[in-house]
4 protein chains.
Amino acid sequence: MTDSMGSRARTAAAKRQRLMTAAAQVVHRQGAERTTIADIAHAADVPVGNVYYYFKTKDDLVAAALAEHARQLELLTSRLEELDDPRERLKTLVEGWVSQRDLAARYGCPTGTLAAELDKRPEGGLDAEAGRVIRLLLDWAERQFRELGQPDPWDLALTLVGAYQGMSLLANALRDPDVMTRQGARLLDWLDSLPEAPAG
Amino acid sequence: MTDSMGSRARTAAAKRQRLMTAAAQVVHRQGAERTTIADIAHAADVPVGNVYYYFKTKDDLVAAALAEHARQLELLTSRLEELDDPRERLKTLVEGWVSQRDLAARYGCPTGTLAAELDKRPEGGLDAEAGRVIRLLLDWAERQFRELGQPDPWDLALTLVGAYQGMSLLANALRDPDVMTRQGARLLDWLDSLPEAPAG
Amino acid sequence: MTDSMGSRARTAAAKRQRLMTAAAQVVHRQGAERTTIADIAHAADVPVGNVYYYFKTKDDLVAAALAEHARQLELLTSRLEELDDPRERLKTLVEGWVSQRDLAARYGCPTGTLAAELDKRPEGGLDAEAGRVIRLLLDWAERQFRELGQPDPWDLALTLVGAYQGMSLLANALRDPDVMTRQGARLLDWLDSLPEAPAG
Amino acid sequence: MTDSMGSRARTAAAKRQRLMTAAAQVVHRQGAERTTIADIAHAADVPVGNVYYYFKTKDDLVAAALAEHARQLELLTSRLEELDDPRERLKTLVEGWVSQRDLAARYGCPTGTLAAELDKRPEGGLDAEAGRVIRLLLDWAERQFRELGQPDPWDLALTLVGAYQGMSLLANALRDPDVMTRQGARLLDWLDSLPEAPAG
DNA sequence: GATGAATGAGTATTCATTCAT
DNA sequence: AATGAATGAATACTCATTCAT
């Protein structure tokens with residue numbers, strides 16, 4: 001029997017994944033507060049009452065959305081690792097951001113806006129989780145700057161990711177994807193301008 | 001008679017202002033969605049039912065919070081105008097941001113987080129209003145860069161304000177005010193590095 | 001001094017009358033339940049808080065609207081009394097109803113719809129008052145039929161006024177003033193068909 | 001297995017019907033404006049929050065009440081159709097009205113008073129719906145008069161139904177069921193007096 | 001496990017009425 | 001008397017969560 005986990009289990013896992021994907025998308029578009037369980041259930045084509053077999057609370061679903069974003073991020077960075085030059089990795093990352101400009105202009109950065117929203121809650125909940133996802137990106141970026149031999153790679157990572165968050169927010173607030181394009185170009189220039197191993 | 005407008009009128013205007021200030025603060029801390037009218041009423045020490053005498057809907061109160069932020073912003077920039085050098089104005093602005101680092105680390109930039117939240121709503125409401133407030137700051141910054149004789153002053157404004165939004169978001173997500181301090185220092189360096197009227 | 005009651009009193013009386021007229025109109029259009037004190041105050045151009053110096057409660061205002069309709073009715077019947085023939089009086093009454101067909105098609109008979117609405121309330125309030133106003137019309141009609149020498153003048157009055165109420169309601173429900181015209185013509189025919197003092 | 005649709009489904013449908021019946025009754029007694037969702041929920045023995053599972057808004061419930069009246073009306077007319085003679089059908093209809101005299105004296109005609117109330121609202125809502133229900137009765141009555149070979153069957157229908165609405169309103173306003181009895185008798189006489197196929 | 005239905009706490013909003021001046 | 005403002009009770013509606021089958 002090749003169906004070692006049972007078709008039910010496979011369906012269940014698929015349904016769980018469908019819910020996570022739906023949660024990530026819907027929460028990105030509507031925000032966590034304005035998203036109802038029913039919204040997500042509907043987007044995932046899962047009956048409302050059934051959602052609770054996969055996620056005990058709404059917060060669990062939001063955490064799942066966050067995890068889904070983390071997964072996407074890891075997929076992205078692992079693909080970037082295939083590039084030899086850390087500078088190229090960073091530049092390709094920026095190009096990826098720019099290519100998502102329309103989504104950013106409409107809904108902002110998925111992780112950033114979610115982190116901002118969750119940080120409004122009383123301490124000790126999902127806010128820390130959101131911080132962790134953002135730190136994933138920061139850590140990765142820091143590693144690239146370190147490989148490039150830059151001093152203060154953590155600060156550079158903050159600058160890069162901060163610039164991304166900032167330009168996403170402005171593109172969103174101004175509803176203008178062009179902000180992404182032009183600020184993205186500036187980021188690329190900046191990355192190019194960094195010396196090749198300044199400390200020797 | 002100094003009480004030319006009647007003490008009631010004065011009280012009424014004061015109460016309205018109290019509600020606006022309270023709305024700005026509470027919404028900054030809790031976000032618009034998680035803030036109830038009762039929260040604001042309580043913070044302003046106004047009976048709940050009475051709030052509606054001053055603001056017809058909750059959205060009106062959120063708009064008032066936004067307007068309050070705009071007012072604060074205009075107060076700030078008008079004070080900055082007293083400085084002769086546009087570069088000094090910009091640097092003082094950045095220093096102001098850094099001085100607010102604890103608030104930013106806890107709740108993010110008031111205008112930025114609010115704009116992000118409002119942009120999650122279906123079009124045609126307060127999102128445009130939020131964009132307008134952010135543009136106030138962008139416009140002012142653009143003017144400073146132009147006075148400095150910089151090329152592409154609008155893009156520079158986007159970079160500056162974007163950096164502020166980004167570092168606020170990261171400081172908030174990481175719950176680390178130090179992000180503000182260090183990224184703020186980098187911004188100051190950047191402002192200093194700009195040539196004095198490069199176009200001649 | 002001709003201003004024996006004081007200009008204030010005259011103004012007060014005028015204001016009271018303005019409130020009654022406004023109440024009668026607005027309640028006719030919106031119904032008693034959907035009419036707010038503020039609606040009436042606004043229509044009468046009286047500050048909201050001031051209304052309570054003239055009418056202690058909302059119910060008092062509704063009663064005033066009713067009284068206003070009674071006044072109008074008495075004005076009408078007293079004008080009809082100038083006609084010598086009771087049959088002519090009744091026919092002129094019907095013609096008056098038809099001439100109001102557009103108002104009836106839009107809002108029904110003022111007294112009838114108000115009576116219907118007030119009868120939904122728990123006993124012992126304004127419902128009896130509404131009944132009294134309608135009875136004014138019934139009594140007057142009964143007198144005319146009696147003068148005409150008709151048997152069962154009260155039943156004839158009920159038939160006539162009932163027909164008016166019914167055709168107003170149908171014209172209103174169908175939003176068709178023509179109902180008033182055609183049913184009014186039938187009523188006129190019916191009045192004409194009544195024998196001249198059948199009992200001798 | 002007789003429980004082919006599942007007991008839940010049966011219960012749900014039953015509950016929905018219970019809510020419709022309760023809505024029809026309570027709205028008849030209290031009027032639409034004075035009826036709260038809680039009133040209907042209580043009358044139907046359904047928890048308030050659950051009502052919204054079956055009807056999204058209060059207006060939907062009022063529409064349901066209207067539909068319930070329409071259903072009752074169709075039940076009635078279909079029973080009347082079993083009589084061979086259209087004149088008998090009409091007379092039996094009138095007798096049915098008279099038999100309901102106590103209810104009419106207390107609360108008026110369910111459809112008529114509801115139509116009157118709904119017509120006070122700003123256009124484009126339930127008022128048209130109410131008109132449609134009344135038209136059902138008018139259409140049926142018109143058909144009977146036509147079968148009787150009467151000229152102007154529509155006008156006769158308006159007269160008959162108008163008389164019913166009028167006498168219900170007067171019985172209600174005067175709180176006197178006797179009005180129904182005596183005016184009903186007059187209607188029966190009138191129906192009897194109509195010639196048997198006057199046009200040929 | 002799956003599902004429609006149930007539950008109840010929470011929230012914005014309205015409005016008659018009262019109050020302070 | 002006049003008036004803007006205050007008050008609080010009511011009410012429609014939402015939604016996370018739970019239940020029964």
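Please read all numbers here as calculations on a predicted model, not as lab measurements. Naming: A, B, ... by sequence-line order, numbering from 1 per chain. As a basis for the values below, the full set of heavy atoms in this structure was taken, side chains included, without hydrogen atoms, waters or symmetry mates.
Take the nearest nucleotide of DNA chain F for Gly49(D) and for Gly49(C): the residue whose nucleotide is more 5' is Gly49(C). Each of Pro47(D) and Pro47(A) has a nearest nucleotide on DNA chain E; the 5'-most of these lies closest to Pro47(A).
Side chain to side chain, Glu68(B) and Gln17(B) meet the donor-acceptor criterion of an N or O pair below 3.5 Å.
Side chain of Glu129(D) to backbone of Ala63(D): no donor-acceptor contact under 3.5 angstrom is found. The main-chain N or O of Ala32(A) is found under 3.5 Å from a side-chain atom of Lys58(A) such that the two form a donor-acceptor pair. Remark: the backbone N or O of Glu117(B) is not paired with any side-chain donor or acceptor of Glu117(A) at under 3.5 angstrom. Lys15(C) places no side-chain N or O within 3.5 Å of a backbone atom of Asn50(C) that could act as its donor or acceptor partner.
Looking at Asp59(A) and Arg121(A), a side-chain N of the basic residue comes within less than 4.0 Å of a carboxylate O on the acidic one, giving a salt bridge. Salt bridge Glu123(D)/Arg106(C): present, at least one basic N to carboxylate O contact under 4.0 Å.
By the side-chain contact (heavy atoms from CB on, under 4.5 Å) test, Thr113(B) is found to be paired with Ala116(A), Lys120(A), His28(B), residues two or more places apart in sequence or in another chain being considered. Asp127(A) meets the salt bridge (charged side-chain N to carboxylate O under 4.0 Å, His left out) test with Arg175(B); sequence neighbours excluded.
Looking only at side-chain heavy atoms (C-beta outward), Pro122(D) and Arg34(C) come within less than 4.5 Å of each other. Between Leu114(A) and Val133(A), every side-chain heavy-atom pair lies at or beyond the 4.5 Å cut-off.
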**Q.** side-chain contact (heavy atoms from CB on, under 4.5 Å) between Tyr52(A) and Ile37(A), worked out
**A.** CA-CA 9 Å; Tyr52(A) 283 83; Ile37(A) 299 274; 3.9 Å; yes

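Of the residues in residues 17-46 of chain D, none has a non-hydrogen atom less than 4.0 angstrom from any atom of DNA chain E. Of the residues in residues 60-69 of chain C, none lies under 4.0 Å from DNA chain E by heavy-atom distance. Less than 4.0 Å separates DNA chain E from at least one heavy atom of each of the following residues of residues 50-59 of chain C: Tyr52(C), Thr57(C), Lys58(C).
Helical stems involving DNA chain E, defined as 3 or more consecutive Watson-Crick or G-U pairs under 3.5 Å, span E:2-21 with F:2-21.
The CG atom of Asp60(B) lies 12.0 Å from the CG atom of Leu19(B); values are rounded to the nearest 0.5 Å.
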